[in-house]
Amino acid sequence: MPHLNNPAVIGLCVALCACTALATTTCPPLRHRSGQAIGQIGSFLRSAQIPSFKKTAAPAAEECLRLKGGAADKAVIDDISALMKGEGLSESAVKAFLQAYEALVSGQDGMILESTITPATGLPVQGDLKEVEADKIKGLLEQTVVLKLNGGLGTGMGLEQAKSLLKVKGEDTFLDFIAKQVMSFREKKGTVKSMFMNSFSTSADTKAALKAYPELVSEGWEVVQNKVPKILQENLLPAKLPSAPVKEWCPPGHGDLYPSLAGSGLLKQLLDSGVKYMFVSNSDNLGATLDLNLLSFFAESGKSFVMEVAERTEADKKGGHLAIRTSDSRMLLRESAQCAESDEKAFQDTKKHAFFNTNNLWIRLDKLQEVLDANDGVVPLPMIKNDKTVDPSDGSSAKVWQLETAMGAAIESFDNAGAIVVGRERFAPVKTCADLLRVRSDAYVVTDDFRLILSPECKGNPPVVDLDSKVYKKVSGLDKLLEGGDVPSLKDCSKLTVKGKVILSPGTIFKGTVSLKNPTDEWVTLKAGTYEDVEIDVTKA
């Protein structure tokens, strides 16, 4: 037996004690592993290392989980699976979430280095497409379904109901426009199936609002988005909030389209009924309607997945872009969160990386089934983690990760995927109150088939609207700005900036670049008139 006074032995004992303390006191309280974890996310420790004896910060929860075996603890995986199935969620939903959870535990950062990609070039352009042959339209439509993503509550805009219930033009909401677009298409061009992907938060609101359009609420009219558990940042376990259990769950992002279709059985139903092509777009993008020439192009191309992209401008430089991965020549999306700081200049170079995702997607449903079959029932998607609190209304409540995926990222999971360049008229999303003001104004006009497109006076460039986020982040602030009852004219405006509390009078016209400011804390009304290329302190106007 080695002598206990031997300095080497004493040092080894101290090191072992330090390792034990690290594993038992600083890591989250996980149960003993009872088997192999789902997936294999690499190993964290490749050789034994004696830790230094200086005091160091406790490792992150992700690091502790990897110290225990290199992947998520099986007991935790089993608990999450049981928790989700106890809520009635499908096996597809569970597998998709666990894929994201494993990525979180493994510490993946999802970075896409500039050195690993090349710009997407040589893409087909919508304006060059040939007209669909009239005798093929009926057959194509019989094989097509149009799906609108309608799961958002618009909480970022201060809403507590489906965002699609916001008024856009006059008394018409997004849902009114969508319903009228479908009915107009059916009347003028042919019958096509339509459906919504709602969330557990928007399904009832949407169904009630569509009572005015009973033909849109028939069997198979909706697929309900799954929900997933919020994950505590401190220990990577599902969050608990006994006072409001509903807040323990969150939507998983529109990447949930794929497990929702599979898990609900709707994918099989659509395929069995002969539906082959799906066109997907956001409910807040009223420029995205079923285009017969695009449908014909998609069908004839033989592509499994086609993304509509638009040309990036200076205003889009901080948003994601399309690229080609050099290792396998597959298309992919790179978002700002996936860009290393050293690559930021290249990322924002809109001449180099010229296209962004409009989130208008064309999907071959039979090819989607093949991807699911090849990947154990899931579509491989990068994980997006959002830093939140378990109770969104209480900033002091426990910090959680909300894990999401984006449906467009699936472009790299499909063989023979592609993209097509479309005009800005197919991209008019509303994400902020500034966007809402822009589309409510005369900068956007309504077509005979109820599409919302840029006014000709805008010459293809929507006006930039910059509203003070401290005042106009929520719809209530925008309502105050417009309490005079009229939306200002923006069709000849290139940029409007509003800082501070301003009320616009009816009959206000903005042209060129206009900046309004109110340095006081009182609401001040700007009198009616035409304002062109000016900076105005409304307290002195």
Side-chain angles (χ1 to χ4, degrees), residues 38-39 41 72 77-105 108 110 145 147-152 195-203 220-231 238 248-272 275 278-282 304-305 333 359 361-386 401-414 417:
I38 296 173
I41 314 289
I77 290 289
D78 290 344
D79 285 349
I80 292 175
S81 179
L83 177 68
M84 295 182 70
K85 290 179 180 178
E87 291 289 315
L89 296 166
S90 69
E91 185 70 21
S92 296
V94 174
K95 286 181 177 181
F97 178 73
L98 291 179
Q99 173 185 252
Y101 182 74
E102 288 269 9
L104 174 70
V105 171
Q108 292 181 21
V145 61
L147 184 144
K148 280 288 185 179
L149 301 173
N150 190 49
M195 59 192 300
F196 291 84
M197 184 167 119
N198 295 316
S199 69
F200 59 93
S201 301
T202 64
S203 180
W221 74 279
E222 75 167 347
V223 56
V224 178
Q225 187 180 36
N226 295 302
K227 60 181 181 179
V228 296
K230 298 176 182 178
I231 300 298
E248 298 170 359
W249 300 84
C250 60
H254 44 60
D256 186 63
L257 170 66
Y258 310 114
S260 289
L261 285 173
S264 65
L266 274 172
L267 177 58
K268 184 177 186 303
Q269 291 176 29
L270 289 168
L271 287 170
D272 288 348
V275 175
M278 174 176 279
F279 173 60
V280 188
S281 62
N282 293 338
S304 57
F305 183 107
L333 290 179
N359 227 32
L361 305 179
W362 299 83
I363 303 169
R364 275 273 299 268
L365 295 182
D366 55 336
K367 299 301 181 183
L368 169 58
Q369 186 62 63
E370 289 180 11
V371 173
L372 290 166
D373 291 342
N375 294 280
D376 194 28
V378 299
V379 175
L381 295 173
M383 176 269 294
I384 303 167
K385 66 178 183 180
N386 295 306
W401 295 122
Q402 291 186 188
L403 305 185
E404 296 184 1
T405 56
M407 67 174 186
I411 193 169
E412 63 182 278
S413 296
F414 281 77

> Asn386 pairs by side-chain hydrogen bond (donor to acceptor under 3.5 Å, both in side chains) with which of Glu404, Lys230, Gln402?
Replying inline: Glu404
> Where do Met197 and Leu257 come nearest, in terms of heavy atoms and distance?
Replying inline: SD-CA, 3.5 Å
> Which atom names give the shortest non-hydrogen contact between Ser81 and Val94, and what distance separates them?
Replying inline: OG-CG1, 3.7 Å
>> Could you measure the distance from the CZ atom of Phe414 to the CG atom of Leu361? Nearest 0.5 Å is fine.
In response: 9.5 Å
> How far does CG of Leu403 sit from CD1 of Ile384, to the nearest 0.5 angstrom?
Replying inline: 10.0 Å
> Would you find a donor on one side and an acceptor on the other, under 3.5 Å apart, between the side chain of Thr202 and the backbone of Asn198?
Replying inline: no
> Is the side chain of Lys385 donor-acceptor paired with the backbone N or O of Leu104 at a distance under 3.5 Å, no angle test?
Replying inline: no
> Which distance, rounded to the nearest 0.5 Å, do you find between the CG of Leu270 and the CE of Met278?
Replying inline: 5.5 Å
> Which heavy-atom pair separates Leu149 from Met407 by the least distance, and what is that distance?
Replying inline: CD1-CE, 3.3 Å
> Quick one: CG on Leu83 to CG on Asp78, what's the gap to the nearest 0.5 Å?
Replying inline: 12.5 Å
>> Show the nearest heavy-atom pair for residues Val228 and Pro252, with the distance to one decimal.
In response: CG1-CB, 3.8 Å
> With under 30° as parallel and over 60° as perpendicular, where do the rings of Trp221 and Phe196 fit, or are they tilted in between?
Replying inline: perpendicular
> Could you state the interatomic distance from OG (Ser201) to NZ (Lys227), rounded to the nearest 0.5 Å?
Replying inline: 9.5 Å
>> For Ser90 versus Gly263, what's the shortest heavy-atom pair and its separation?
In response: OG-CA, 3.5 Å
> Once you round to the nearest 0.5 Å, how far does OH of Tyr258 lie from CG of Leu267?
Replying inline: 11.5 Å
>> To check you understand the geometry: which heavy-atom pair defines the closest contact between Pro259 and Asn226, and what is its length?
In response: C-ND2, 4.1 Å
> Counting distance only, does the side-chain N/O of Ser413 pair as donor-acceptor with the main-chain N or O of Val379 below 3.5 Å?
Replying inline: no
>> If we ignore hydrogens and angles and just use 3.5 Å, is the side chain of Glu222 paired with the main-chain N or O of Ser199 as donor and acceptor?
In response: no
>> Pair Asn359, His254 - check side-chain contact (heavy atoms from CB on, under 4.5 Å), show working.
In response: CA-CA 10 Å; Asn359 227 32; His254 44 60; 3.4 Å; yes
